[in-house]
Structures are given as C-alpha cells and as structure tokens.
Amino acid sequence: MSPLRRIGRQARRLELHTVGRVLLLSSLVGAVAGMGAVVFQLLCQAASHALLDGLAGLRMEGPAGEVALFARTATPFRPWAIPLVAAVGGLVTGLIVQRFAPEAGGHGTDEAVDAFHRRGGVIRGRVPIVKTIASAITLGSGGSGGREGPIAQIGAGFGSVLATRLGLDERERRILLSAGVGAGVGSIFRAPLAGALFAGEVLYSDPEIEPDAIIPAAIATIVAYCVFSLRFGFGALFDTPRFAFRSAAELLPYTVLAVVVALGSGLFVKTFYGVHALFERLRMPRALKPALGGLLTGLLGLIAWRLAGDARALDVLSFGYGTVQRALHGQVPLALLLVVAAGKMLTTSCSIGSGGSGGVFGPSMVIGGALGGAVGLLAQGWMPGVVTQPGAFVAVGMAGFFAAAANTPISTLVMVSEMTGNYELLLPALWVCALAYLLARRWTLYRHQVPGRLDSPAHRGAILGGLLRAMHVGEVVRSRPLRTLSETASLAEVVEACTSSSQHGFPVLDAHGRMTGIITLAQVRQVLDRDESTAVIAHDLAQPPPATLRPTDDLDTALQRLMALDLEDLPVVDPEEPARVLGVLSRRDLLAAYARRRLEASPAAPAAHA
C-alpha cells in the first residue's frame, strides 16, 4: 500500500469531518463571545465614566490587570448623587428589560442553565443585546453585580442562535450554548481553562461535569480569550505577591476559613433570594422595581462609607474589585473588610434581586475575598508563626466562597488561580473549596441547576433509553408468575383472575396450551357494565393481542411498544412458536427493573447530600 493511501486511511479514521465541524462552530462561538466581551467591557467603563464619575465624582478602582480606558473627570465628589444615579440607572435598565426581553433581568447564568436543561438550548436572539446594554447601565450607575452573568448569556445566546440558524439538532444547540457560556466567562476574567470547566460544571449541583461540552467549550474559550486579550492585554486580572504554602499547620486556619465562607455563602444565597422574593411581592410596576433597588443600593453604599469611616467602603457598589486588589497586598484593615463583605451581600441583593441586570460571580469574589482577608488577619494575630501572608487567605477565600455558593468547586479553584496568576495556593484552595462545597450542599445561587445528568430533562430520555437497551425482556419475565385463562373459563373465573392478580392482560389458552387471544381489564369492565349473561366464557371475550414481545427484545423497544399502544402489559411469546406464551411484561415490572439496574450502576450518594 502506498504511503499516500495509508495517510488517507488514517485520516478517515480520525473523522476529520467531525473535527472540522466542532472546530469551526466552536471557534465561531468563541470569536463572537470574545468580541461581545470587548464591547461589554467598553460599555461598562463608558457607563461608569459618564454616570458614577461624571455625575457623582466617584471613580471606582479596578484590579491591577485592568487598564482604565477613560481619564478621570473634574467632577467633585458628590455623595448625595450616588443613590440618585443608581436609581436612574435602575429605572433605565427596568424599562429596557421589560420592553424588549424580560428574561435579560437577573444574573444571567441561571437563565443559560435553565435553557440547557429545559428549553432545548433555545435563547432568543435579542437577549444577548438587551443583556449587554442593561448590565452595562446597571453596573455603570453603581449597581452591585458582576460581569460573568451578562457575558455568559451573551456567549450562550449566540451559540443558541447559531445552532438554530444552521438547523442543528437540540443536542448540538445545547453544546454550543454551553461553549458560549465558557467562552464568555473565560475571556472576560482571563481564565480560559476555568471557563471551559465552568461551562460543564455549572449545569449540575452534584460533582459532575457535562462531558459533551468540555472540548467545544475549550476551543471556544481559547478563541474568546485571545480576541479579548488582543484588545485589553494578556496576563492575570489581579496582581499578587508571591504567595506560598509552607506548613501543614496552615490547614488549621484554612479549615476555619472553609467554615466561614460556607456559612457566608449560605447567608448570601438566603439574603439574595429573600430580597428577590420581597421585590416580587411588591405591588408596583415591574419596570420600576430596579429603580427602587438602585436607590437602596446607593443608600447602602453611603451607610457602609459612614460605618467604616473610609471612602474605600464604597466598593460595595458596582464591581468592587479594588478592595480585593488591595486586600491581596494586605492593605485593607479588618473592620473595612467586614463592612465590605456584609455591604456587598446587601447591595447585590438589592441591585440584581430587584430585577437589575448583572452577574453574581463578581460580588461573590469580593465577599469571599473580604471574608478570607478578615480570617487571614485574625489568624495572623493568633498564629503569627504560621500565618505570615494574610493576603493568601483573600485568594483562597474567593475560591471557597463561590465554590460553596454555586456548587462549582473545580472550575472556581482554577479560575481564581488564573485570575491571580498564582498557582502556589492550589493545595489550600483545593482544601477550602472541597470542605466549603461539602458544607454548603443545601443551597445554590443557580436554582436551575439539577443534581446530575440523570436528573436533567435534556438527558433523561437518552440515559433511560441507554440503560433499557442494555436489558432484555427475558430477564424480567422470568421472575414474574404468569396467570392464564383457559378458553372455557367462565365469566366468574375471569373476574376472579382480574381481582386477584396485578396483571392487566390475561392470555387465553386452548386445550393444547397455545394462546388464542388475550383478555384485558377494560374488556371485562365493559361486559360487567352491560350486565351480560354469565354464560359468557373466556373464548367469547378473547381478542388477538395488538402486539407481542420476544425474550430477546430489549426493554427500550418494549417500553416504546407499550406507550404506542397505551397498554399496561403485553404477552411475551416464544420466537420459535409464537402461539406459546412465556409470560407477561408490564410497565411496572419494566420500570422496576430499570430502577434496580440504575441503583446497581450508580455509586452510593454522599452523606452530605442525603
């Protein structure tokens, strides 16, 4: 065989058509998500420059890796203007969202999760555009939120629209939607590996990852990250000292941190959805609720400023990454860290819970970082010989808090490492993420998550069919006693069989044991309703079975046949002698067999989830 022919054969084995298809579609999603992230970043900074800086004289500091695109205005600081600017921003956001796309309100990622599981991966084409504009106004006017929700919905929306336009099936549409989520998150936080993992992990509350999404999401995220970084620069989002894990004794204060962030995440989730429920019950036009939320957010910012006696407490507004950046270098006092952590919970709940538009990952990073910094400072006072870098607790706290709040321990661990450019803390971060995740299994910020693939409407049919196809009719009917009737059985005997057996269909046999027909409960009820003569015998009632099964038929085929005929059971016959009945297969027996097989195949549920 010639070398060229051998190369051609190997190429066919590599399924280059499939590879090219996945590469092309995922790259398209990534390119658009990356450009969407660029536009969203520009809009956020422009809105903040015009509204917060231009009208209130408040310039929000960002992380070290983020370059300010606009020079500071000459507007003097006007604290009284902050609540007004936030209220007007909320009003504009509410009007835009309610007019064009109500689903663009809230924190975005949860809507993408819901679309994956329950809506066949469908997101309306206008949603990404509305989400971009509404979120930029909310965040730029001082509303507390993050960027991952909007950009996740932007990427997911394009993936969904692209799949729909190309006429792809539901499975491929869901995959491109997930790839868009990962691309958006990975690009705007400059964390491509974490973005790919997040796309598959955020769908489930159990420690499970959507396998179909990982490779497309990885390709999309790499492209999106490169597109975004070509405009804003490569590198980590935060600047950090050289942290290190030097002693196993440090695991003790890190264990305390895990408990603190787990409890803090529960408080945040409860506060967030509690405030959301209050706004839902509030009797006022829905479009006006974000305005009230913005007003409350601005007032809470002023209260935090007065309580802390430090203007840096205003980081409870907008993104708030300045506090995290300073805390990583140990430049934030304990009291300010606690005020920012509590204030950020409340302002985010008011801004997003009222119907404003923004994400919850960013605020979670700030809250977790502030709580981590507080634990680090206290631990340094208690164990100065062990805890020498309290700033390290900021980075680990960021990871642990969101891992607990969102049930995403692996992607969050990687994301914080990529955002800080520091991988020396992987061990303590893994420790804290694992413990916090186990402690916080009862709550989640993403209420549309499902426990695992078996619980997802998107997969339930395929998984059920796969397990059923692995089992056969003969395995089930062997353990089930068969009740038959002779052709000469009286009506009384037929009724007795119906009342004493769980079967719905009874094979009628002739003198040689061959099936001549079948009697169903429905037929017997009709005879009794007509009050026919007791002279009726089984031979008179028997009708040919609408279908039969063979022992070699798989259970998926059996279930489809039962459902198509709307029957509870069907006779199972000998393939060699179709008149010889071997048993009866019912829906109940079929599903019981499936349940047993699923229990045998599944590992025991963790105690924390019991």
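Computed over heavy atoms, backbone and side chain alike; hydrogens, waters and symmetry mates excluded.
Of all the heavy atoms in Pro241 and Asn422, the pair that sits closest is O-ND2, 3.2 Å. Across all their heavy atoms, Leu435 and Ala258 have their closest contact at CB-CB, 3.7 Å. Residues Phe158 and Leu28 approach most closely at CE2-O, 3.6 Å, considering heavy atoms. The two residues Arg190 and Phe228 have their closest heavy-atom pair at NE-CE2, 3.9 Å. The shortest non-hydrogen separation linking Ile214 to Gly200 is CD1-CA, 4.5 Å. Among all heavy-atom pairs drawn from Leu371 and Ala341, the shortest one is CD2-CB, 3.9 Å.
For Ser265, the side chain to side chain donor-acceptor pair (under 3.5 Å) test picks out Trp443, with sequence neighbours left out. Under the rule for a side chain to side chain donor-acceptor pair (under 3.5 Å), the partners of His448 that lie at least two apart in sequence or sit in another chain are Asp110. Annotation: side chain to side chain donor-acceptor pair (under 3.5 Å) contacts of Arg59 (sequence neighbours excluded): Asp53.
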Show which side-chain atoms of residues 33-43 pair as donor or acceptor with protein atoms under 3.5 Å away, not counting sequence neighbours.
from  : atom 1 : to     : atom 2 : distance (Å)
Gln41 : OE1    : Arg147 : NH1    : 2.7
Gln41 : NE2    : Glu66  : OE1    : 3.1

Below 3.5 Å, can you tabulate the donor-acceptor pairs from side chains in residues 389-407 to any protein atom, sequence neighbours excluded?
from   : atom 1 : to     : atom 2 : distance (Å)
Gln389 : OE1    : Ala244 : N      : 3.2
Gln389 : OE1    : Arg246 : NH1    : 3.4
Gln389 : NE2    : Arg242 : O      : 3.1
Asn407 : ND2    : Gln449 : OE1    : 3.4

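A side-chain contact (heavy atoms from CB on, under 4.5 Å) with Ile137 is found for exactly one of Val97, Thr93, Val88, Thr132, namely Thr93.
In this structure, Leu302 CG and Leu314 CG are separated by 7.0 Å, a value rounded to the nearest 0.5 Å. Distance check: Asp310 CG to Leu336 CG gives 5.0 Å after rounding to the nearest 0.5 Å. The CZ atom of Arg173 lies 12.0 Å from the OG atom of Ser178; values are rounded to the nearest 0.5 Å. Here CD1 of Ile123 is found 4.5 Å from CG of Leu177. Values are rounded to the nearest 0.5 Å. With rounding to the nearest 0.5 Å, the separation of CG in Leu51 from CG in Leu84 is 12.5 Å. Here the NE2-CZ distance, from His276 to Arg447, works out to 8.0 Å after rounding to the nearest 0.5 Å.
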Should Ile219 and Ser27 be marked as a side chain to side chain contact (heavy atoms under 4.5 Å, CB included) after you check the CA-CA gap, both sets of side-chain angles, and the distance that decides it?
-> CA-CA 6 Å; Ile219 295 170; Ser27 297; 3.6 Å; yes

Go through the steps for His329 and Gln325 under the test side chain to side chain contact (heavy atoms under 4.5 Å, CB included), then give the verdict.
-> CA-CA 7 Å; His329 287 273; Gln325 180 61 78; 3.5 Å; yes

Could you walk me through whether Leu166 and Leu25 pass side chain to side chain contact (heavy atoms under 4.5 Å, CB included), step by step?
-> CA-CA 10 Å; Leu166 294 176; Leu25 295 179; 3.4 Å; yes

Take Leu257 and Tyr254 through the side chain to side chain contact (heavy atoms under 4.5 Å, CB included) test and state the conclusion after the steps.
-> CA-CA 5 Å; Leu257 174 60; Tyr254 278 123; 4.0 Å; yes

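Residues Val185 and Val202 have side chains not in contact (no heavy-atom distance under 4.5 Å, counting atoms from C-beta outward). Inter-residue side-chain proximity for Leu300 and Cys350 is flagged as met; some heavy-atom pair is nearer than 4.5 Å. Contact of the Phe232 side chain with the Val67 side chain is not registered, since no non-hydrogen atoms from C-beta on lie closer than 4.5 Å. Residues Tyr437 and Pro207 form a side-chain contact, since some pair of their non-hydrogen atoms from C-beta on lies under 4.5 Å apart. Contact of the Leu251 side chain with the Phe245 side chain is registered, since non-hydrogen atoms from C-beta on lie closer than 4.5 Å. Residues Leu413 and Cys433 meet the side-chain proximity criterion, which asks for heavy atoms closer than 4.5 Å. Using a 4.5 Å heavy-atom cutoff, the side chains of Pro253 and Gln380 are not in contact.
Side chains of Ser349 and Thr271: no donor on one and acceptor on the other come within 3.5 Å. Counted by atom type alone, Ser351 and Thr297 present one or more donor-acceptor pairs between their side chains at under 3.5 Å.
Salt bridge Glu61/Arg326: present, at least one basic N to carboxylate O contact under 4.0 Å.
Between Phe268 and Phe272, the ring-plane angle classifies as perpendicular under the 30° and 60° cut-offs.
Within the structure, ring pair (Phe, Tyr, Trp, His ring centres under 6.0 Å) contacts touching residues 286-315 (residues at least two apart or in different chains) are Phe77-Trp305.
For the pair Asp239 (side chain) and Ala64 (backbone), a donor-acceptor distance under 3.5 Å is absent.
No more than 12 heavy atoms of other residues, nucleotides or ligands lie within 6.0 Å of CZ in Arg306, so this atom counts as exposed by the packing criterion.
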